[in-house]
Amino acid sequence: MNLTDTRAARASCGNLRAQDTGAFVELNGWVNRRRDHGGLIFLDIRDRDGLTQIVFDPSHPSFAQAERLRHEDVIRVRGRVRRRPAGTENPKLATGEIEVGIEALEVLNRSEVPPFPVNTQDDVEESLRLQYRYLDLRRPRLQRNLALRHRIVKSMRDFFDRRGFLEIETPMLIKSTPEGARDYLVPSRLHPGTFYALPQSPQLLKQILMISGFGRYMQIARCMRDEDLRADRQTEFTQVDVEMSFCSQEDVMEVMESCMRDVWKRALDRELPIVPRLTYAEALARYGSDKPDLRFGLELADVSALFMNTEFVVFASALTAGGAVLALRYPGGASLSRRDFDALTELAKMHGAKGMVWAALGSDGTKSSATKFLSEEVVAGLRSACGAQVGDAILLFADERASVFPVAGKMRLEVGQRCGLRSGDDAFCWVTDFPYLELDEESGRPVPAHHPFSAPHESDWELVESDPLSMKAQHYDLVLNGFELGSGSIRIHQAERQRKIFAMLGMSDEQVEARFGFFVRALEYGAPPHGGMALGIDRIVMLACGEENIREVIAFPKNQVGRDLMMDAPTAVPERLLADLFLRSTAPITEE
RNA sequence: GGCGCUGUAGCUCAGUUGGUUAGAGCGCCGCCCUGUCACGGCGGAGGUCGAGGGUUCGAGCCCCUUCAGCGUCGCCA
C-alpha cells in the first residue's frame, strides 16, 4: 500500500501491530470509549476482534464530529497506523503498541444511551441482559463464549467427517408419541384436529437412517422438550447426535470419547486423560449418583455392618427393613456449630433424607447428635470406613437403599461444594450397565430407564418375562464434572424383539401399531444392528467455558419460565390464526 | 404446584431501632482540559424504594396479598 493510494485496507480492531506502522487502514466498529482531553481525543473503536485507539487532533476537520461521539455509535474511520509515542504504549491491549491517526471519520449510525454498560464485564441483572440481548452479546463474555461454541461444534463436525460420518438433517415436524417428555405440538392446518410434534430428539429417524444403509450418521440437532427449565437445562437445546451400524457398545464409546478428546485438544488446547468407567451400580454405591462428580473423592461408605446390633432405633429399623447406613466424610467439619449441623440436616431432609446423624471429630473428643449410640469402637470403625481424621466430621444417613444412596450423594456434592472441591479438572467418566427398567412411582409399573429402543444385554433377553426388573441395558452415559453430557445405547434391531419389549411395557398390539407401527415395520426390512449416542452441546460448551449457567452459551436463551424476554414470546395470536387451525383457547385469561 | 433468595436513580449497590429533604460509585447532560487508556477537574439533572393493601402520629424498613427474576424439588422415555 503506497501513500497515494486512497483506498484503505480493511482492518479488524484487534489485529494491528507495530509492524503495520505506516499502513493506511479502514476500521469499522462501535465506540467503546472516548477519552476527551479537550485539545486531543482518544477513541477506542471496538469490533469482534478487539480494540484500537484512534487519535483525533484538533487541527483535523473530524475533531468536532468526534466530540459528539457517544458510547455504541457505529463508525468507520480511515487513517494511518503509527507507533504510539514512547512511554504511552498500553501493555493491557493487544493493539497497545500502535494507534491510528484519524484521516476520515464517518458516523454510520447513532446509538441511544445503552441501558447497561456494554464496555465492561460488570454483572448486570440477567433479565435486563436478556431483554437487550443484542447489547449483551456485544460484551466480551458472550463474544468469547459463542466463539468457543463455534470452535467446539466445528471440531465435532470435522471429527465426524474424518471418521466417515454423514451429517443428515431430520425434520422438525414429526409424530407425537406419548412416552418421554412432554411434546411441543404444532397444529396442522391441512388436517384439522391433528398435530405434529417437535422432536425431543431425532431418535427414531436416525435409527431409520441406519436401516436405510447410511452406516454412520451425525447431526447437530435441535431438540425440544416442554418441561421446566433449570440452570443446566433449556426447553430448546442442541445435541450432537450420532448413530452407527454394525457396531458394538465399545465402538460407540470409542468414537464418542475420541470426539471429546479431539474437541478438547483442538478447541480448548487441553489434553484429556483416560476416561474412567464405572458401572451404574458402582457409581451409585460409591458416589450416590449415576452422574458422579469425580473432581473429588469423598466416597460414600456403607457402614451398615457397624450398626447391625445397634440400639439406635432409627438405624436398626432401617437395617431390618433391608436398608443401609451410609457415612460421608466432611473434611474440616469438626469446626461446625450445632446450628450448622442442624442446617445441614434440614438440607438433607430437603433432598429426601429421613434425618441425619453427625459426629464431629474434635481434638477434644467426639461430639455427636447421637452420642450414646456411637461407642468408641463404632467411631473408630466409621473413621476408618470413610478415612476421616481429627478435625473432620462424619455425616450418617439411614434409609431404604433406593433412597439413602441418592440422598447421601447429594450431600456429598454439598460437602464437596463447601470444601471448594468442585472446581478445576475436566473429570469425565463413563457410566455403564444401567438397569433396563425402573419403577414408575405414580403407576408402580416398570418403564424404560432410557427409552424402549435400547437393547438389553444379550444374555438378559431371557429375563424379559421372568424377571424384567433385573435386566441391564446396553446403555452408557458420558458424565463431566457431575453433569450428564448424554446417553447412548445399542438399539434393538429385530422387529420381534422390539415388539416383545413393547408388550412387556404393557402396550397392546393396537397401541404399538398406532404409535410405532412405522418404525417396527422398518425394522422388518433388513435393519442392521446399530447403536449411537447424543451429547448435549450446550452443557459441553458451558463446562468448557467455565460457566455455571447454560444461558451463557446460548445466543438467545429463554428464561426460567420459558419466555424470550427480547421478543416477548410466547404471545397470544389473533383469533383468525387460531380459526385457520381449528383451535380455540380455553386459557382462563387471554392477553390482548 | 412446593420451598428458598432477590427487587431502592439508566447500571451496580448502601440505607442504623420505624423518625428531618432516600445516598454512593459508574453512566447521562453542561463547562474546562494536547498523551490518555476505568483519563482528570468543576457543576447539574435524575427516585411510584416492584405493585396493592394494612399496622402506626410517622413505613424503603414491620404485617398480608400479589407480580417479576434467579436457584431448587416435582418434571426432564
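All chains are named by letter (A, B, ...) in the order of the sequence lines, taking the proteins before the strands, and each is independently numbered beginning at 1.
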Closest approach to the side chain of A:T88, judged atom by atom: which nucleotide of B:G69, B:C37, B:C70 is it?
B:C37
Heavy-atom side-chain contact between A:E414 and A:L344 under 4.5 Å
yes
In whole angstroms, how far is the P atom of B:G4 from the CD atom of A:E414?
17 Å
How is A:D36 classified with respect to the nucleic acid when contacts are heavy atoms under 4.0 Å: base, sugar-phosphate, or nothing?
base
Round to the nearest Å and state the distance from A:N119 atom CG to B:G10 atom P.
19 Å
Nucleotide forming a Watson-Crick or wobble pair with B:C5, both distances under 3.5 Å
B:G69
B:C67 and B:G52, which share atom name C1', separated by this distance in whole Å
10 Å
Once you apply a heavy-atom cut-off of 4.0 Å, does A:R551 come out as touching a base, just sugar-phosphate, or nothing?
sugar-phosphate
Round to the nearest Å and state the distance from A:R68 atom CZ to B:G30 atom P.
11 Å
Verify the contact: side-chain N or O of A:K92 to OP1 or OP2 of B:A38, cut-off strictly under 4.0 Å; return yes or no.
yes
Counting C-beta onward and ignoring hydrogens, is there a side-chain heavy-atom pair between A:D44 and A:R35 closer than 4.5 Å?
yes
Expressed as a whole number of Å, how far does the P atom of B:A22 sit from that of B:G50?
15 Å
Atom-pair distance (CG on A:D123; C1' on B:G69), nearest Å
15 Å
Please work out if A:T95 contacts a base, only the sugar-phosphate, or nothing of the nucleic acid, heavy-atom cut-off 4.0 Å.
nothing
Give none if B:C61 has no partner; otherwise give the nucleotide forming a Watson-Crick or G-U wobble pair with it, both distances under 3.5 Å.
none
Round to a whole Å and report the spacing from CG of A:L130 to P of B:A68.
16 Å
Tell me which nucleotide among B:U36, B:G74, B:C70 gets nearest to the side chain of A:D228.
B:G74
Apply the test side-chain contact (heavy atoms from CB on, under 4.5 Å) to residues A:Y330 and A:L336: give CA-CA distance (whole Å), side-chain angles for both, the deciding distance (0.1 Å), then the verdict.
CA-CA 10 Å; A:Y330 188 151; A:L336 294 182; 3.5 Å; yes
If the C1' atom of B:U16 is compared with that of B:C64, how far apart are they to the nearest Å?
26 Å
So ring pair (Phe, Tyr, Trp, His ring centres under 6.0 Å) across residues 29-53 of chain A, not counting sequence neighbours, yields A:H37-A:F42
If you measure from the ring centre of A:F116 to the centre of the six-membered ring in the base of B:C11, is it under 5.5 Å, with the planes under 30° apart?
no
Using the C1' atom as the point on both nucleotides, what is the distance between B:G25 and B:G46, in whole Å?
15 Å
Please work out whether the ring planes of A:H493 and A:H530 are parallel, tilted or perpendicular, with thresholds of 30° and 60°.
perpendicular
Considering every strand shown, what is the Watson-Crick or G-U wobble mate of B:C11 when both distances are under 3.5 Å?
B:G25
Please measure how far the P atom in B:A24 lies from the corresponding atom in B:G18, and state the result in whole Å.
24 Å
Any donor-acceptor pair under 3.5 Å between the side chain of A:R34 and the base of B:C39?
no
Tell me the interatomic distance from A:L43, atom CG, to B:G35, atom C1', rounded to whole angstroms.
15 Å
Considering only B:G69, B:C37, B:C76, which nucleotide approaches the side chain of A:V561 most closely?
B:G69
Does the side-chain ring of A:H37 lie flat on the base of B:U36, meaning centres under 5.5 Å and planes less than 30 degrees apart?
no
Quick one: is A:N32 getting a side-chain N or O under 4.0 Å of the B:C37 phosphate, OP1 or OP2?
no
Which whole-number value in Å describes the distance from A:Q131 CD to B:A68 P?
15 Å
Looking only at heavy atoms, what is the nearest atom pair of A:L105 and A:A66, with distance?
CD2-N, 4.0 Å
Tabulate protein N/O versus nucleotide N/O from nucleotides 25-28 of chain B, keeping only pairs under 3.5 Å, one per line.
unit_1	atom_1	unit_2	atom_2	d
B:C28	OP1	A:H71	ND1	3.0

NA contact type, A:P115, heavy-atom cut-off 4.0 Å: base, sugar-phosphate, or nothing?
sugar-phosphate
Integer angstrom distance from the P of B:U6 to that of B:C57
30 Å
Would you say the base of B:G7 and the side-chain of A:E125 have a donor-acceptor pair closer than 3.5 Å?
no
For B:U8 and B:C13, measure between their C1' atoms and round to the nearest Å.
9 Å
Of all the choices, B:C76, B:G69, B:G35, which nucleotide is nearest to the side chain of A:E227 once you look at every atom?
B:C76
Students often get this wrong, so: under 4.0 angstrom with heavy atoms, is A:E89 touching a base, only sugar-phosphate, or nothing?
base
Need one value for A:Q53: base, sugar-phosphate or nothing, where a base atom within 4.0 Å counts as base even if backbone is also close, heavy atoms only.
base
May I ask you to verify whether the side chain of A:R230 and the base of B:G74 hold a donor-acceptor pair under 3.5 Å?
yes
Report which part of the nucleic acid A:L128 touches: base, sugar-phosphate, or nothing (heavy-atom distance under 4.0 Å, all strands).
sugar-phosphate
In whole Å, measure the gap between the C1' atoms of B:C5 and B:G47 for me.
25 Å
For a quick test of reading the model, state the closest non-hydrogen atom pair linking A:P292 to A:C429 and the distance between them.
CG-SG, 4.0 Å
Give a yes/no answer on whether the side chain of A:R35 brings an N or O atom under 4.0 Å of OP1 or OP2 in B:C39.
yes
Could you go step by step and tell me if A:F63 and A:F56 meet the ring pair (Phe, Tyr, Trp, His ring centres under 6.0 Å) rule?
CA-CA 6 Å; A:F63 188 85; A:F56 293 81; 7.3 Å; no
Describe the nucleic acid contact of A:D226 in one word from base, sugar-phosphate, nothing, applying a heavy-atom distance below 4.0 Å.
nothing
For A:Q234 and B:C70, what is the distance between atoms CD and P respectively, to the nearest whole Å?
10 Å
Is the shortest side-chain heavy-atom distance between A:V431 and A:K291 below 4.5 Å?
no
Nearest heavy-atom contact between A:L51 and A:T95 is O-OG1, 2.5 Å
Pick base, sugar-phosphate or nothing for A:V447, based on heavy-atom distances below 4.0 Å to the nucleic acid.
nothing
Need to verify one output field. Residue with the more 5' nearest nucleotide on RNA chain B, A:L565 or A:P452?
A:L565
For residues 496-516 of chain A, which residue pairs pass the ring pair (Phe, Tyr, Trp, His ring centres under 6.0 Å) check, not counting sequence neighbours?
A:F453-A:F516, A:F502-A:F516
